[in-house]
Protein chains: 2
Amino acid sequence: MCPSGETHVDRIFTVLEHDIVSGQLAMGSKLGEELLASRFGVSRGPLREALRRLEGRGLVIRTAHAGVRVVALSRKALLELYEIRELLEGLAARLAARNMSEEEVASLRALLDEDLNSGLRSDAYPLVFGDADFHYRIAEGSKSVRLKQLLCGDLYSLIRLCRFKTAHVPGQMQSFRDHMRIIEAIEDRDEALAEFLMSRHISAARARFLTTPFNEASDAVDSLKEAGFA
Amino acid sequence: MCPSGETHVDRIFTVLEHDIVSGQLAMGSKLGEELLASRFGVSRGPLREALRRLEGRGLVIRTAHAGVRVVALSRKALLELYEIRELLEGLAARLAARNMSEEEVASLRALLDEDLNSGLRSDAYPLVFGDADFHYRIAEGSKSVRLKQLLCGDLYSLIRLCRFKTAHVPGQMQSFRDHMRIIEAIEDRDEALAEFLMSRHISAARARFLTTPFNEASDAVDSLKEAGFA
DNA sequence: ATTGATTATTTTGTCAACAATCGAGATGTG
DNA sequence: CACATCTCGATTGTTGACAAAATAATCAAT
């Protein structure tokens, strides 16, 4: 029933995590236990445990006797995430310039060159994925397990959760040029420059986000909180 | 049976979290379900859910059909944590200098003055608590809920987990002087200085940690990992 | 005596049923 | 008509039992 070690909880956790960070489950959605359990073809027990794991990672919020909902990130929370990510991605770039193997550097360079050829003509969608991949590899290359876990597992997930709404079409070219400069710094093993460029890269993304209208429901959440209802 | 909203899972989670970060549960300890369930006077269901929450927060590690153990932090992992905390605590100090209310600043100042009077004569133990309280208030004063959650909930917990072993008796006076300088910077609303001082404060702690012999079992874990057994 | 396979026991994973709690709609009252 | 209360339905919290897997113990063979 459980092929090769993977338990039901693991499977459900993975699927739900993906559905949340990919935006298929809207922020604030209620996750009824009975419904989800039947959808996954399991009992409520394993499902609840998977939800508890998501709760521990801050992707869902459970209120006693009321059920669990997908976390609703307010504009303020998003800005906090960007502020943190600005520092941590910078650190990752610095460590990557120090610790990445030559093979990893070459592979990343190849990835960027490929994006340059295929991504320029078309829409922004492949660039979004390319962007995710780029940052993922930097985190990987930092050789810091905890840092990679923080950036890829927690922070980046939550940001991507909202990125799908705020189309960041403007600035995609600038973003790509940032990436090019960053990998040049890494190739030169210039730690300080890599950190600076990456920090500024995130800072620019935050600034771009700051100017977006942000017509989301989370604004309503903010209003409620400010009014003292939550 | 459940007085006012707090469910069994919440209670167990809180107790276990405290027991882990306070060192009462040694790193790598196995947490048998049946035993713990009887100790808490509940069934295995809620206990497992609490463990799943801890798993999501990275405080325990579960291997399928083998049980859950308290996370064993290697020396390398500790250093990674210090590296991250250096940046994040600096950010917290900068934001605290910007966002802390006058009351919070005054209260923090009072706390330090009190420590100065009561803590100088005696052993280092109250200073450890004072240190935790100091950093907690800075994180709180940053007014960034995510940052506070990261520092207090995850990073600081894990570091305190090992702090109890590495007696940081040397440098306690220097640490206290650092705190004094930091609050002065916050009182002056000098964001850059507060960030710099706090970063250096953590950096010094890391350097101190780096020179400790570290006679722990996690070294064995490191050796095993390097040998490719895990 | 050590190694290997095999059984036994313990521990974990899952399930279905029960109890407790909350929310919505109905009902009665000012 | 507004408002408070009550009842009922639905959802969550908890439990004990059962199935599956892994560790521990047993024993035979070299």
Side-chain angles (χ1 to χ4, degrees), chain A residues 1-17 20 25-26 28-72 220-221 224 229-230, chain B residues 1-17 20 25-26 28-72 220-221 224 229-230:
Chain A
M1 207 179 202
C2 296
S4 90
E6 186 168 63
T7 178
H8 281 165
V9 181
D10 296 328
R11 181 173 53 92
I12 298 173
F13 173 81
T14 305
V15 172
L16 282 183
E17 178 190 36
I20 290 178
L25 269 58
S29 307
K30 178 169 181 185
L31 301 179
E33 297 182 356
E34 204 122 22
L35 175 66
L36 276 182
S38 66
R39 251 177 58 63
F40 282 107
V42 297
S43 176
R44 276 181 48 214
L47 180 84
R48 281 174 63 89
E49 293 188 19
L51 289 179
R52 288 293 189 184
R53 255 178 87 178
L54 291 171
E55 183 186 2
R57 290 206 26 187
L59 286 177
V60 303
I61 292 183
R62 167 166 239 135
T63 45
H65 304 110
V68 354
R69 315 187 82 91
V70 178
V71 66
V221 177
L224 285 180
F229 285 99
Chain B
M1 207 178 201
C2 296
S4 91
E6 186 168 62
T7 178
H8 281 164
V9 180
D10 297 327
R11 181 173 55 90
I12 297 174
F13 173 81
T14 305
V15 172
L16 281 183
E17 179 191 35
I20 290 178
L25 269 60
S29 306
K30 179 169 182 183
L31 302 180
E33 298 182 356
E34 203 120 20
L35 175 66
L36 277 183
S38 67
R39 255 176 57 66
F40 281 108
V42 297
S43 177
R44 274 180 50 214
L47 179 83
R48 281 174 63 89
E49 293 188 18
L51 288 179
R52 289 292 189 185
R53 259 179 84 179
L54 291 170
E55 183 186 1
R57 291 207 27 188
L59 286 178
V60 302
I61 292 183
R62 166 166 238 135
T63 45
H65 305 107
V68 353
R69 314 186 82 91
V70 178
V71 66
V221 177
L224 284 180
F229 285 100

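The chains referred to below are lettered A, B, ... by the order of the sequence lines, with proteins before strands, and numbering in each begins at 1.
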- [ ] Determine which pairs satisfy side chain to side chain donor-acceptor pair (under 3.5 Å) with at least one residue from residues 31-42 of chain B, sequence neighbours left out, and list them in order.
- [x] B:E33-B:R44, B:E33-B:R48, B:E33-B:R62

Just the table, please: protein N/O against nucleotides 7-12 of chain C N/O, every pair under 3.5 Å.
{"residue": "C:dT12", "atom": "OP2", "partner": "B:E33", "partner atom": "N", "Å": "3.3"}

For atom [atom1] of [X] and atom [atom2] of [N], their distance in whole Å:
X     : N      : atom1 : atom2 : answer
B:E6  : D:dG13 : CD    : C1'   : 14 Å
A:R69 : C:dC22 : CZ    : C1'   : 14 Å
B:H8  : D:dT12 : NE2   : P     : 19 Å
A:E55 : D:dT12 : CD    : P     : 13 Å
A:E49 : D:dT12 : CD    : P     : 16 Å
A:L51 : D:dT11 : CG    : C1'   : 13 Å

Task: Minimum-distance nucleotide (side-chain atoms of A:S43 versus D:dT15, C:dC15, C:dT14) - done: C:dC15

- [ ] Quick one: pull up CG in B:L16 and CG in B:L59 and give me the separation to the nearest 0.5 Å.
- [x] 10.0 Å

Task: Positive for salt bridge (charged side-chain N to carboxylate O under 4.0 Å, His left out) with B:E55, one of A:R53, A:R52, A:R57 - done: A:R53

Task: Audit row: B:L31, B:L25, side chain to side chain contact (heavy atoms under 4.5 Å, CB included) steps and yes/no - done: CA-CA 9 Å; B:L31 302 180; B:L25 269 60; 3.6 Å; yes

TODO: Could you tell me whether the side chain of A:R69 and the main chain of A:G28 form a donor-acceptor pair under 3.5 Å?
DONE: yes

Open item on the list: When you measure from the side-chain N and O atoms of B:T7 to the phosphate of D:dT14, is any distance below 4.0 Å, counting only OP1 and OP2?
Closed with: yes

- [ ] Any chance you could lay out the side chain to side chain contact (heavy atoms under 4.5 Å, CB included) test for A:L36 and A:I12, step after step, and finish with the verdict?
- [x] CA-CA 10 Å; A:L36 276 182; A:I12 298 173; over 6 Å; no

